[in-house]
Amino acid sequence: MNHKTPSPPKGLQSSGKALWRAVLAEFALSPAELRLLHEAARTTDELDRLAAAMPDASLTVMGSRGQPRPSPLLDEARKHRDTLVRLLTALKEDKK
């Protein structure tokens, strides 16, 4: 049976589209798996935007009491990386 590879969803940027195409070049995914892939691709694009903002941002900011603390961008990037790992792991588990 010949299946048409779904095009990347609207709104994805270059990294998200690249992830979408790379995964679908190797695997045929169910609708639920496509949803996981879409979220992983969006997260990849968001990581790119966070990385683009970091060179212009300080690694530290002033806390509520005037103390230096890590920039919220660092924490957000870490959370996005964790989310991406979880999404890709869930996608991998579905392919077993």
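Heavy atoms only, all atoms of each residue included: S71 and S58 are closest at CB-O, 3.3 Å.
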* Residue pair L50, H80: steps toward the side chain to side chain contact (heavy atoms under 4.5 Å, CB included) verdict -> CA-CA 9 Å; L50 286 165; H80 273 68; 3.9 Å; yes
* Mind running side chain to side chain contact (heavy atoms under 4.5 Å, CB included) on L19 and L37 for me, showing each step along the way? => CA-CA 8 Å; L19 177 63; L37 178 57; 4.2 Å; yes
* **Verdict with supporting geometry, T60 and R69, side chain to side chain contact (heavy atoms under 4.5 Å, CB included)** => CA-CA 5 Å; T60 58; R69 60 183 221 67; over 6 Å; no
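Electrostatic pairing of D75 and K79 counts as a salt bridge here, judged by a charged N lying under 4.0 Å from a carboxylate O.
One finds the CZ atom of R78 at 9.0 Å from the CD atom of E76 (value rounded to the nearest 0.5 Å). How far CG of L34 is from CD of E39: 12.0 Å, rounded to the nearest 0.5 Å. Atoms OG and CZ, from S7 and R21 in turn, are 7.5 Å apart once rounded to the nearest 0.5 Å. Here the CG-CZ distance, from D82 to R86, works out to 6.0 Å after rounding to the nearest 0.5 Å. Taken from OG in S14 to CG in D48, the straight-line distance is 6.0 Å, to the nearest 0.5 Å. Expressed to the nearest 0.5 Å, how far CG of L87 lies from OG1 of T44 amounts to 9.0 Å.
Under the 4.5 Å side-chain contact rule for hydrophobic residues, F27 and W20 share a cluster. V61 and L59 are assigned to two separate hydrophobic clusters, defined by single-linkage of ILVMFWY side chains at heavy-atom distances under 4.5 Å. One hydrophobic cluster, built from ILVMFWY side chains closer than 4.5 Å, holds both L88 and L47.
L91 has its side chain within reach of L29: a pair of non-hydrogen atoms, C-beta onward, lies under 4.5 Å apart.
For H38, the side-chain hydrogen bond (donor to acceptor under 3.5 Å, both in side chains) criterion is met by R35, not counting sequence neighbours.
M62 belongs to no multi-residue hydrophobic cluster, having no ILVMFWY side-chain contact under 4.5 Å with any other such residue.
Distance alone, capped at 3.5 Å, is enough to place a donor-acceptor pair between the S30 side chain and the E33 backbone.
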